[in-house]
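Input: a single structure, listed below in structure tokens.
Chain letters run A, B, ... following the sequence lines, proteins first, then strands; residues in each count from 1.
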Number of protein chains: 2
Amino acid sequence: MAIDSSSTNDGSKGKTSRPAGPSGSAAAPGGRRARRVRMTGAERREQLLDIGRTLFAERGYEGTSVEEIAAKAGVSKPVVYEHFGGKEGLYAVVVDREMRQLLDMVTGALTAGHPRELLEQAAFALLDYIETFTDGFRILVRDSPVAQSTGTFASLISDIATQVEDILGLEFKARGFDPKLAPLYAQALVGMVALTGQWWVDARKPKKAEVAAHLVNLAWHGLGNLEPKPRLIGHRKN
Amino acid sequence: MAIDSSSTNDGSKGKTSRPAGPSGSAAAPGGRRARRVRMTGAERREQLLDIGRTLFAERGYEGTSVEEIAAKAGVSKPVVYEHFGGKEGLYAVVVDREMRQLLDMVTGALTAGHPRELLEQAAFALLDYIETFTDGFRILVRDSPVAQSTGTFASLISDIATQVEDILGLEFKARGFDPKLAPLYAQALVGMVALTGQWWVDARKPKKAEVAAHLVNLAWHGLGNLEPKPRLIGHRKN
DNA sequence: ACCGTAACCTACGGTCTCGTAAGTATGGCA
DNA sequence: TGCCATACTTACGAGACCGTAGGTTACGGT
């Protein structure tokens with residue numbers, strides 16, 4: 001029960017999140033015969049989180065063993081227990097960080113005024129998250145230890161959908177539509193973007209910005225009035 | 001390696017798929033002291049598939065044990081091994097049937113002419129599947145034993161999306177759009193419907209037909225031109 | 001040079017689960 | 001009635017995994 005949630009910020013500063021230290025099996029001696037690595041507590045902790053994220057992403061929670069994580073970190077099991085109190089503890093921290101990250105990015109994007117712009121920003125934000133933190137996205141999509149309830153993708157999606165809901169609700173009222181339908185439309189929009197993102201993770205064919213543009217095209221104009229060559233309003237480079 | 005795929009038809013004839021026999025823990029003596037049930041081979045097989053589907057749906061593949069399935073059927077483990085050669089065998093048959101069922105329903109719906117009608121039919125078909133075979137849908141959404149690759153929800157979604165793709169591709173060509181974009185739009189549409197369905201499984205607030213109508217509304221007219229009170233073209237009752 | 005503390009290890013207990021070997025009951029049919 | 005295939009059981013081996021007890025090594029300050 002010593003799950004440590006500690007710092008809320010991610011702490012990763014590398015490009016994709018990899019810290020500086022070796023996260024391989026520690027069997028490759030670098031230059032100076034650095035026998036055992038003996039990291040500092042925080043370093044090891046970050047490394048374990050990193051490896052855990054990767055493994056959970058590709059094998060799921062139940063398919064990943066603590067020993068595997070430890071082994072990949074070049075360390076023995078008790079180290080993991082020291083840091084996170086157990087498998088669930090580690091998983092909890094990984095998921096928590098990932099949810100925070102995603103929510104921050106998406107919420108941060110939901111500030112503009114015009115709904116179409118909102119949509120555009122949000123879609124781009126999600127794609128951006130998926131591109132930058134692919135493993136995290138895979139984990140969030142997978143199942144959690146205790147099955148559904150809190151912490152699932154569904155609940156996360158709902159969190160996001162709820163925000164979209166509020167915005168849509170206002171817009172619906174202003175336009176004279178039934179605001180009770182906002183949840184449905186919010187869910188549909190989020191689902192559209194989320195699953196397209198899931199598809200785009202594997203087949204990264206059109207560029208991120210282009211995908212976002214087309215999503216907005218579909219969501220805003222509908223199949224009946226698609227624009228042949230949609231462009232994003234906000235011009236970005238990355 | 002004695003996985004038995006046997007008959008391709010479902011074989012279930014009851015309303016929701018429950019066979020006649022008792023699928024509880026077999027501890028409740030009916031009227032005449034029916035000590036042990038001693039079903040026929042096929043009956044037991046169906047019962048095991050049924051129980052397996054339920055358990056896999058609520059606990060996932062790895063979270064479900066063969067003993068649990070056997071116990072719930074009022075039978076011992078080797079019976080399961082006799083029928084399906086192992087846990088994966090049973091799971092495979094369950095998933096296979098479920099995918100067939102869903103694909104049949106959706107594919108069957110993708111025959112009409114006008115794309116808008118297609119969309120409507122397909123959306124309704126998926127919702128119908130979800131309502132009728134909720135457990136199956138839950139299984140398909142969850143993860144598979146060997147992680148991704150074939151058999152995942154993603155791959156199933158892709159199967160469906162591919163069909164939508166073809167249809168969209170033709171339509172795009174006819175309208176002068178780039179048919180290379182068909183996959184993207186197909187994915188977005190399927191995702192929209194699928195995730196809305198996933199949401200609707202829990203909060204069944206608007207009726208199925210109404211949900212379908214709104215989905216079509218969004219997908220066809222877009223947020224910019226929503227109709228206040230969308231109605232389905234084909235009028236159905238169930 | 002010493003010593004305390006933080007980082008880390010080996011070894012093991014206990015539990016769970018898959019899968020199998022070998023034996024028992026049961027119901028229909030000659 | 002007696003046979004025999006089919007349905008089903010008990011019992012167990014083997015392995016994986018979680019989590020912990022208790023001991024060991026190296027680093028940093030003094």
Legend entry - Listed partners of A212(B) passing side chain to side chain contact (heavy atoms under 4.5 Å, CB included), at least two apart: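 For A212(B) the side chain to side chain contact (heavy atoms under 4.5 Å, CB included) partners, ignoring immediate neighbours, are F124(B), L127(B), L232(B).
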Inset, instruction - Give a yes or no answer on whether the side chain of K87(B) reaches the backbone of Y61(B) with a donor-acceptor pair at less than 3.5 Å. - result: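 The answer is yes, because a donor-acceptor pair under 3.5 Å joins these two groups.
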Inset, instruction - Give a yes or no answer on whether the side chain of W200(A) reaches the backbone of P206(A) with a donor-acceptor pair at less than 3.5 Å. - result: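 Pair found, side chain donor or acceptor close to backbone of P206(A).
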Quick one: [atom1] on [X] to [atom2] on [Y], what's the gap to the nearest 0.5 Å?
X       : Y       : atom1 : atom2 : result
I69(B)  : F84(B)  : CD1   : CZ    : 9.0 Å
F56(A)  : L90(A)  : CZ    : CG    : 5.5 Å
M192(A) : L218(A) : CE    : CG    : 5.0 Å

Legend entry - Rounded interatomic separation in angstrom, taking CG from L48(A) and C1' from dA7(C):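 Going from L48(A) (CG) to dA7(C) (C1'), I get 12 Å.
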Inset, instruction - Could you tell me the separation between the CZ atom of F84(A) and the P atom of dA7(C), rounded to a whole number of Å? - result: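 Roughly 13 Å, once rounded to whole Å.
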With a 4.0 Å cut-off, would you call [X] and [Y] a salt bridge?
X       : Y       : value
K208(A) : E131(A) : yes
R138(A) : D202(A) : yes
R44(B)  : E82(B)  : no
R100(A) : D104(A) : no

All N/O pairs under 3.5 Å across the protein-nucleotides 28-30 of chain D interface:
none

List every contact pair, protein side and nucleotides 17-20 of chain D side both N or O, where the distance is under 3.5 Å.
unit_1	atom_1	unit_2	atom_2	d
dC18(D)	OP1	V66(A)	N	3.3
dC18(D)	OP1	K87(A)	NZ	3.1
dC18(D)	OP2	V66(A)	N	3.0
dC18(D)	N4	K77(A)	NZ	3.4
dG19(D)	OP2	Y81(A)	OH	3.2
dG19(D)	OP2	K87(A)	N	3.3
dG19(D)	N7	K77(A)	NZ	3.3
dG19(D)	O6	K77(A)	NZ	2.3

Legend entry - Single hit among E98(A), E58(A), E46(A) for salt bridge (Lys or Arg N to Asp or Glu O under 4.0 Å) with R53(A):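 Result: among E98(A), E58(A), E46(A), E98(A) is the only option passing the salt bridge (Lys or Arg N to Asp or Glu O under 4.0 Å) with R53(A).
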Inset, instruction - Tell me, please, which residues at least two apart from T40(B) pass side-chain hydrogen bond (donor to acceptor under 3.5 Å, both in side chains). - result: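 With neighbours one apart ignored, the set is empty.
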Mind listing the N/O atom pairs, protein and nucleotides 1-3 of chain C, below 3.5 Å?
none

Inset, instruction - Determine the interplanar angle of the Y185(B) and H214(A) rings, folded into 0 to 90°, and report it as parallel if under 30°, tilted if 30 to 60°, perpendicular if over 60°. - result: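 Ring orientation, 0 to 90° scale: perpendicular.
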N/O-N/O pairs, protein side and nucleotides 3-7 of chain D side, under 3.5 Å:
unit_1	atom_1	unit_2	atom_2	d
dT6(D)	O2	R38(B)	NH2	2.7
dA7(D)	OP1	G41(B)	N	3.0
dA7(D)	O4'	R38(B)	NH2	3.4
dA7(D)	O3'	M39(B)	O	3.3

